[in-house]
Amino acid sequence: RIGVRILLGQYISLHERNKGILEPCNPYEIISDVIEDLSNMSFDTYGEKPIINIHGDKDHKFYYVPGFVYYVFFEIIKNSVKATYDKKNMFDDDPINVYISKGTDDIVVKITDTGGGFNKDLVPQLFSYSYSSTPILQVKYMLDSGRPVMGGMGHGLPLSRLYSRYFGGDIQLITFNGIGTDAIIYLNKIMDNAEKVIE
């Protein structure tokens with residue numbers, strides 16, 4: 001499905017804009033946009049805004065599909081926001097820290113929260129399209145009340161990892177049960193890897 005979208009998007013973009021869908025992406029700027037959107041979403045949901053700090057190069061750019069990059073950062077940081085709030089039913093002074101590192105072949109983004117973490121045996125389930133830690137009744141209540149849903153759809157993590165792996169990257173979760181979680185996103189910036197269309 002992603003391969004078809006890439007081919008169709010490339011064709012349409014070349015026809016309409018005379019350039020492809022790969023564009024210079026600035027991780028710092030994209031993460032800043034994600035934080036602004038999530039802050040507004042969080043305020044509508046919880047009545048509070050999270051504390052999210054970005055550390056790293058503000059000017060570095062690499063070629064990628066901007067929509068994919070935004071989606072991956074949005075879904076992973078959203079999970080940290082929800083976990084941080086759910087731990088105490090408030091954000092208090094527990095910041096989420098985002099670290100940007102540029103390697104030779106990839107961009108590495110680490111998202112660290114103190115949302116309590118989870119048992120490491122849950123990691124395979126978290127990357128399953130059918131799994132969600134949010135009760136279905138809570139999701140239904142949020143949808144019925146017209147408020148933003150911060151979790152419960154069950155596709156954010158697995159789809160994010162699929163987008164990352166398609167161009168040779170990956171996503172890893174390191175959990176510290178009772179403390180928090182580190183989510184590490186690898187995005188290949190060379191774009192010379194063959195498409196990974198089979199898990």
Does any non-hydrogen side-chain atom of [Y] lie less than 4.5 Å from one of [X]?
X	Y	answer
Ser80	Ile111	yes
His60	Ile107	yes
Ser164	Leu187	yes
Ile76	Ile171	yes
Ile185	Val72	yes
Val98	Asn53	no
Tyr85	Glu48	yes
Leu173	Asp182	no

Distance-only check: which donor-acceptor pairs under 3.5 Å involve side-chain atoms of residues 87-96, not counting sequence neighbours?
residue	atom	partner	partner atom	Å
Lys87	NZ	Thr114	O	3.4
Lys88	NZ	Asp94	OD2	3.2

**Request:** Hey, could you give me each pair passing side chain to side chain donor-acceptor pair (under 3.5 Å) that has a residue in residues 172-181? Not counting sequence neighbours.
**Result:** none
Indicate, with yes or no, if [Y] and [X] share a hydrophobic cluster defined by side-chain heavy-atom contacts under 4.5 Å among Ile, Leu, Val, Met, Phe, Trp and Tyr.
X	Y	value
Ile184	Ile100	no
Val81	Ile30	yes
Met41	Ile52	yes
Tyr186	Leu22	no
Ile54	Val108	no

**Request:** Check the surroundings of atom CG in Asn119: do more than 12 heavy atoms from other residues, nucleotides or ligands lie under 6.0 Å from it?
**Result:**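 It does: Asn119 CG has more than 12 such atoms within range.
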Pairwise distance [atom1]([X]) to [atom2]([Y]) - rounded to 0.5 angstrom:
X	Y	atom1	atom2	result
Leu126	Arg161	CG	CZ	10.0 Å
Leu162	Leu159	CG	CG	6.0 Å
Lys110	Ser101	NZ	OG	10.0 Å
Phe176	Lys120	CZ	NZ	13.0 Å
Asp33	Asn26	CG	CG	9.5 Å
Asn40	Thr45	CG	OG1	10.5 Å

**Request:** Sequence neighbours left out, what pairs pass salt bridge (Lys or Arg N to Asp or Glu O under 4.0 Å) with at least one residue falling in residues 50-68?
**Result:**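 Non-adjacent pairs meeting salt bridge (Lys or Arg N to Asp or Glu O under 4.0 Å): Asp57-Lys102.
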**Prompt:** Any salt bridge (Lys or Arg N to Asp or Glu O under 4.0 Å) pairs touching residues 20-31, not counting sequence neighbours?
**Reply:** Arg17-Glu23
**Donor-acceptor under 3.5 Å (Ser160 side chain, Glu75 main chain)** = no
**Message:** Taking the ring of Tyr70 and the ring of Phe68, is the distance between their centroids below 6.0 Å?
**Reply:** no
**Item:** Fellow cluster residues of Val4, listed by chain then number, with links counted only when side-chain atoms sit under 4.5 Å apart
**Value:**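 Members alongside Val4: Leu8.
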**Message:** Between the side chains of Asp170 and Arg165, is the shortest nitrogen-to-carboxylate-oxygen separation below 4.0 Å, so that they form an ion pair?
**Reply:**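 Salt bridge present between Arg165 and Asp170.
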**Asked** So, for Val123 and Phe118, which heavy atoms are closest and what is the spacing to 0.1 Å?
**Response** CG2-CE1, 3.7 Å
**Asked** What are the two closest heavy atoms between Phe62 and Val69, and how far apart are they?
**Response**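 Closest pair (atom of Phe62, atom of Val69, distance): CZ-CG2, 4.3 Å.
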**Prompt:** Going through the distances and angles, do His15 and Ile12 end up as a side chain to side chain contact (heavy atoms under 4.5 Å, CB included)?
**Reply:** CA-CA 5 Å; His15 179 72; Ile12 294 171; 5.7 Å; no
**Message:** Just to verify, what does His55 make a ring-ring contact (aromatic ring centres under 6.0 Å, His included) with, not counting sequence neighbours?
**Reply:**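 Partners of His55 by the ring-ring contact (aromatic ring centres under 6.0 Å, His included) criterion, ordered by chain and then number, come out as Tyr99.
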